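This one's a predicted model, so the numbers in the text were calculated from it and none came from an experiment. Heavy atoms only: backbone and side chains are in, while hydrogens, waters and symmetry mates are out. Lettering of chains follows the sequences in order, A, B, ..., and the numbering in each one begins at 1.
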There are 2 protein chains.
Amino acid sequence: MAQKPTPLREQTRSVVRSLLARTAIDLFATKGYDNTTLEEVAAAAGISRRTLFNYFGSKEDLALSGLAEQGDLIAARLAERPADEDAWTALRAAFQVLEEIDMTPEARLEFITLLFGNDSLRAGHAEKQARWQNLLAPLIEPRLPDSEHRTLQARAIAAAAITCLQVANEEWVRLDGQADMLDLYDTAVQAIHRP
Amino acid sequence: MAQKPTPLREQTRSVVRSLLARTAIDLFATKGYDNTTLEEVAAAAGISRRTLFNYFGSKEDLALSGLAEQGDLIAARLAERPADEDAWTALRAAFQVLEEIDMTPEARLEFITLLFGNDSLRAGHAEKQARWQNLLAPLIEPRLPDSEHRTLQARAIAAAAITCLQVANEEWVRLDGQADMLDLYDTAVQAIHRP
DNA sequence: CACGCTATTGCACTGAGTGCAACAGACTGC
DNA sequence: GCAGTCTGTTGCACTCAGTGCAATAGCGTG
């Protein structure tokens, strides 16, 4: 029991987590985030309010847990890219993973609309993406030419790429999903590369 | 009374606001954001908790009200720049206004440290800066060459510039204020301009 | 069957945020 | 000086997010 702290528990736990998140997001999307109490979410999931807090630290977590996973996915994909690949090319390839996520366009649109429709969720979203920087920057740094400020440069590139992704996302929502998100991303990146 | 809805009231109100914000930030910085209740802030300012809510919509607002003003300052400065000036040049010039704000380096460092030391404040910070985009992007768009995606491009540039500012800020805190913030900004911008 | 581990749950409490109604002070017209 | 209005302040009661604690229920193991 020392080596294996019961991975089965971990497994069921993460299944329950994503199930709860799904239930919650559905409720949020239909009733509105602010008009939905955790009491209701718990009831809909058939558990107690207190137990909900065993799975998620806050109401925001419940809505945004998916984002943390996305960050991990992107980082993992980025780490797999060839070491000599250009930073922007590698990032672009890593972002491709977002298109492969098991989620219908409708669900994705619903989710992002939810995100942008509430102040504290938008804030949490922005913060979560800011954390992606910490995951991506170390993977970008070795791809840059030697320089005194390489660490800063890596952070800037990671942050800027994520920002472009965010801008593309916003535009994608504005267009009601009637466009390819990564195309929009490419346009955004083009815009900042050269004056 | 129709034309002038007593601008005097507006004036005193904004004075009281900044006074309250100052008091609150001092408390937050010494006791910690989470360990400070609005009850205490109100007491320190000599008003009631309820009245505090007449001036600020939330605890976060109390800590971050300065940021909204900064955004307005930057936008105002940007609007003053010559219309034919390059977007990045104009932005860089507009950001200069941040150095002119009446705030000792110690106070600024204290404030930013406060910002980065708390999850929800970091989130609020990120969100406030995201709102700057909405102010700056329309001022940038006319500076870009005609294109199908000019609006998207303008948003991307505004967002990227703000992101670089944020990265520079983080680095500036990491260096304990021992550097010129705009120099760091320039380095960050350089890094993303060229593939 | 009994034991121990862990997740679940209820309960009570703090603190943010809101709606409402009472109140105090300033300013106006008489 | 006095009555009336307008507005900012305050207290009160309430909802809801989030936390600590202690009791309990469920489950695998001896």
Side-chain angles (χ1 to χ4, degrees), chain A residues 1-21 23-25 27-28 31-65 114 118-124 127, chain B residues 1-21 23-25 27-28 31-65 114 118-124 127:
Chain A
M1 286 286 176
Q3 280 295 36
K4 285 188 179 181
T6 328
L8 179 125
R9 293 200 185 275
E10 295 294 323
Q11 224 171 332
T12 62
R13 180 176 174 85
S14 86
V15 169
V16 172
R17 260 183 72 94
S18 64
L19 211 57
L20 290 176
T23 311
I25 289 174
L27 266 181
F28 291 157
K31 293 195 51 178
Y33 182 73
D34 286 328
N35 299 326
T36 309
T37 68
L38 293 185
E39 191 70 48
E40 296 171 306
V41 175
I47 61 172
S48 75
R49 198 181 75 108
R50 195 59 185 82
T51 301
L52 201 50
F53 278 107
N54 287 348
Y55 285 93
F56 298 92
S58 71
K59 189 177 183 179
E60 223 181 80
D61 257 28
L62 201 44
L64 302 181
S65 65
L114 174 65
N118 177 276
D119 278 356
S120 72
L121 283 188
R122 260 207 314 279
E127 213 271 332
Chain B
M1 287 284 179
Q3 281 295 33
K4 286 189 178 182
T6 328
L8 179 124
R9 293 199 187 275
E10 296 292 325
Q11 225 171 332
T12 62
R13 181 177 173 84
S14 86
V15 169
V16 171
R17 261 183 71 94
S18 65
L19 212 57
L20 289 176
T23 310
I25 289 175
L27 267 181
F28 291 158
K31 295 194 49 179
Y33 182 73
D34 287 327
N35 299 326
T36 308
T37 69
L38 294 186
E39 190 70 49
E40 295 172 306
V41 175
I47 61 172
S48 74
R49 198 181 76 107
R50 195 60 185 78
T51 302
L52 201 50
F53 278 107
N54 287 350
Y55 285 93
F56 297 91
S58 70
K59 188 177 183 180
E60 224 182 81
D61 258 27
L62 200 43
L64 302 181
S65 66
L114 174 65
N118 177 275
D119 279 356
S120 72
L121 284 188
R122 260 207 314 281
E127 213 272 331

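Relative to the ring axis of Phe53(B), Lys59(B) does not place its NZ or CZ within 45° and under 6.0 Å from the centre.
Under the salt bridge (charged side-chain N to carboxylate O under 4.0 Å, His left out) criterion, Asp34(A) pairs with no residue, sequence neighbours left out. Partners of Ser48(B) according to the side-chain hydrogen bond (donor to acceptor under 3.5 Å, both in side chains) rule, which considers only residues two or more places apart in sequence or in another chain, are Thr51(B). Applying the side-chain hydrogen bond (donor to acceptor under 3.5 Å, both in side chains) test to Asn54(B) and every residue at least two apart in sequence or in another chain returns nothing. Under the side-chain hydrogen bond (donor to acceptor under 3.5 Å, both in side chains) criterion, Asp61(B) pairs with no residue at all, not counting sequence neighbours.
Using a 4.0 Å cut-off on heavy atoms, the residues of residues 45-59 of chain A that approach DNA chain D are Arg49(A), Arg50(A), Phe53(A), Gly57(A), Ser58(A), Lys59(A), listed by number. Within residues 37-44 of chain B, no residue has any heavy atom closer than 4.0 Å to DNA chain D.
In this entry the distance linking CG of Asp119(A) with C1' of dG17(C) reads 15 Å, nearest Å. Here dG8(D) presents its C1' atom at 9 Å from CZ of Arg13(B), a figure rounded to the nearest Å. Rounded to whole Å, the distance from CZ on Phe28(B) to P on dA16(C) is 8 Å. Straight-line distance from the NZ atom of Lys31(B) to the C1' atom of dG15(C): 13 Å, rounded to whole Å. Taking atom CZ on Arg17(B) and atom P on dG8(D), their separation rounds to 14 Å, with Å as the unit.
Formation of a donor-acceptor pair under 3.5 Å by the Arg122(A) side chain with backbone atoms of Glu127(B) is not found in this model.
Across all strands shown, Thr12(B) has no heavy atoms under 4.0 Å from either base or sugar-phosphate atoms. Using a 4.0 Å heavy-atom cutoff across all strands shown, Ser120(B) reaches no nucleic acid atom at all.
Across all non-hydrogen atoms, the minimal contact from Leu121(A) to Glu60(A) is CD2-CG, 3.9 Å.
At least one side-chain heavy atom of Glu40(B) sits less than 4.5 Å from a side-chain heavy atom of Thr37(B).
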